[in-house]
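Right, one structure below, let's go through it.
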Amino acid sequence: MACTPFLTLNNGEQMPVLGLGTWQASDEEIELAVDLALELGYRHIDTAPVYGNEQAIGNVLKRWLDAGKVQREDLYIVTKLPPIANRPHEVLPMLTKSLADLQLDYVDMYLIHTPFTVLINADGNFQFDAAGLLKVDPTTNHAATWAEMEKLVEKDLAKSIGVSNFSQEQLERLLQSCSIPPATNQIEHHVYLQQRELVDFCQAQNITITAYSPLGSKGIARMNAAAGVPRDLPDLFDITEVKEIAAIHNKTPAQVLLRWIVQSNKMAAIPKSANAQRLKENFDIFDFELTSEQLETLCGLDQNIRICDFAFYRGVEKHPEFTFKNQFTD
Ligand SMILES: NC(=O)c1ccc[n+]([C@@H]2O[C@H](COP(=O)([O-])OP(=O)(O)OC[C@H]3O[C@@H](n4cnc5c(N)ncnc54)[C@H](OP(=O)(O)O)[C@@H]3O)[C@@H](O)[C@H]2O)c1
């Protein structure tokens, strides 16, 4: 069975450079996808309560662990503190719930999903104002929430802790108060949104980058349309340079986009697929190497186009820690 290279985190833990994204798949789809992904050699699985599929993923993991087909220490399971619960007192209960759903004793990485917090009603539904915009909880305190995240490591409930969608300024603040520095910052990263300053800052601080939406996240178009904010999103598979490089290596554009992220061994990528052929394709990126010229060409494609700008959370831009002001007001 194939396996992937690893990134060594700032606490010595090892994270497989290629993981499976699990956003926007039904329980049935994700059970099949995780099962096949494990057969193919994926060991890193990225999920979140927001994706609504931790129980389905947990069912597959339990089957594999019970059958002895995989050892727990060979899995790398990532989940997240949801934006509706981004408060210190919710950290332990939320992870406890995720662990129950995933049927695990610990996760390998627990992330603060977003730097902002949104409000829900007692029934679990979002709160909206009279204009139909999401209500936010502006009291978000990263240092206080992080202190509770650190306790998860002490309790052996999370091997590593990290953040997602954090800006450099937010990380700088966190680094001043933390005892355990974040092990990763999971951010949108692909050829059209390279975020070089943020990436350079994180890498200089020994915080790895996990690249989400590495293929340009077609699924976000559906979310935006459902929220009444449709946008034309770029098709990364149709970029001439990407297609030309793919043809040279006899690979697909998706494989080139993923290889570009993982080749330096400084970043992980977590493409999502619920399709057997594409799961295989996305994993089959370790038998070719992009030349330095090709890497340079791909780096030159940056357009600062953010695809996952949380437009589907209309109203969240009012939050004082909202990270994406520039893109949102474009
Ligand atoms: N931390 C955060 O805030 C955050 C935000 C967004 C995403 N994420 C994580 O990152 C993961 C990946 O991001 P994403 O799901 O937004 O987008 P993505 O991985 O860039 O793209 C997934 C989409 O591309 C399709 N696809 C996958 N492989 C393909 C291939 N080889 N050729 C053609 N199409 C392909 C998938 O369809 P099929 O399933 O039909 O193959 C799906 O529609 C998520 O699933 C989630 O785990 C995190």
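Atoms within each ligand, like the ligands themselves, are counted from 1 in listed order.
A perpendicular orientation is assigned to the rings of His113 and Tyr51, their planes being inclined by more than 60° (bins at 30° and 60°). Classified by interplanar angle (parallel below 30°, tilted 30° to 60°, perpendicular above 60°), the ring pair Phe126/Phe128 is perpendicular.
The shortest N or O to N or O distance between Lys80 and ligand 1 is not under 3.5 Å. Geometrically, ligand 1 and Lys272 share a nitrogen or oxygen pair separated by less than 3.5 Å. Of the polar atoms of Cys308, none of the N or O atoms is found under 3.5 Å from an N or O of ligand 1, judged by distance alone. For a threshold of 3.5 Å applied to N or O pairs, the pair formed by Trp23 and ligand 1 contains at least one separation below that value. Geometrically, ligand 1 and Ala274 share a nitrogen or oxygen pair separated by less than 3.5 Å. The shortest N or O to N or O distance between Asn275 and ligand 1 is not below 3.5 Å. Considering backbone and side-chain atoms alike, Phe237 places every N or O at 3.5 Å or more from each N or O of ligand 1.
Of all the heavy atoms of Ser273, the ones lying under 4.0 Å from any atom of ligand 1 are found in both the backbone and the side chain. Using a 4.0 Å cut-off between heavy atoms, Ala33 makes no contact with ligand 1 at all.
Near Ala254, meaning under 4.0 Å from any of its heavy atoms, are these atoms of ligand 1: 30 (C), 31 (N). Set against the non-hydrogen atoms of Pro214, the atoms of ligand 1 under 4.0 Å away are 19 (O), 20 (O). Atoms of ligand 1 lying under 4.0 Å from at least one heavy atom of His113, given by number and element, are 1 (N), 2 (C), 3 (O). Listed by atom number, the atoms of ligand 1 under 4.0 Å from Ser164 heavy atoms are 1 (N), 2 (C), 3 (O). Heavy-atom contacts of Pro271 reach the following atoms of ligand 1: 19 (O) (cutoff under 4.0 Å). Using a 4.0 Å cut-off to heavy atoms of Ile270, the atoms of ligand 1 that qualify are 9 (C), 10 (O), 11 (C), 12 (C). Of all atoms in ligand 1, numbered sequentially from 1 with element shown, those under 4.0 Å from a heavy atom of Gly216 are 20 (O).
With respect to atom 43 (O) of ligand 1, the closest heavy atom belonging to the protein is Lys218 CB, 3.8 Å. At the shortest separation from atom 30 (C) of ligand 1 among protein heavy atoms lies Arg278 CD, 3.4 Å. Atom 47 (O) of ligand 1 has as its closest protein heavy atom Asp46 OD2, 2.7 Å. Among protein heavy atoms, atom 16 (O) of ligand 1 sits closest to Ser217 OG, 2.6 Å. Looking at atom 3 (O) of ligand 1, its nearest protein heavy atom turns out to be Asn165 ND2, 2.9 Å. Atom 31 (N) of ligand 1 has as its closest protein heavy atom Asn282 OD1, 2.8 Å. For atom 20 (O) of ligand 1, the closest non-hydrogen atom of the protein is Leu215 N, 2.7 Å.
For Ser160 and Glu13, the side-chain atoms include no donor-acceptor pair closer than 3.5 Å. If you check the side chains of Gln263 and Arg259, you find a donor sitting under 3.5 Å from an acceptor. A donor atom on one side chain and an acceptor atom on the other are not found under 3.5 Å apart for His319 and Glu317. Inspection of the Glu172 and Gln176 side chains reveals no N or O donor paired with an N or O acceptor under 3.5 Å.
Put simply, the side chain of Glu150 reaches to within 4.5 Å of the side chain of Cys178, judged on heavy atoms. Between Val191 and Asp302 the shortest side-chain heavy-atom distance does not fall below 4.5 Å. Side-chain contact between Phe166 and Gln186 is absent, with no heavy-atom pair separated by less than 4.5 Å.
In the hydrophobic cluster analysis, where Ile, Leu, Val, Met, Phe, Trp and Tyr join through side-chain heavy atoms closer than 4.5 angstrom, Tyr42 is grouped apart from Phe6.
Between Phe116 and Phe310, a ring centre-to-centre spacing shorter than 6.0 Å is recorded.
Looking at Thr79, Leu20, Thr22, Ile77 one by one, the single match for side chain to side chain contact (heavy atoms under 4.5 Å, CB included) with Ile57 turns out to be Thr22. Trp64 pairs with exactly one of Asn59, Asp74, Asp35 by the side-chain hydrogen bond (donor to acceptor under 3.5 Å, both in side chains) rule, that one being Asp35.
With rounding to the nearest 0.5 angstrom, the CD atom of Gln203 is 9.5 Å from the CG atom of Leu198. Note that OG of Ser177 and CH2 of Trp146 are 10.0 Å apart. Values are rounded to the nearest 0.5 Å.
Ranked by closest heavy atom to atom 13 (O) of ligand 1, the top entry among Ser213, Ala269, Ala276 is Ser213. Among Tyr212, Phe283, Phe310, the residue whose heavy atom sits closest to atom 7 (C) of ligand 1 is Tyr212.
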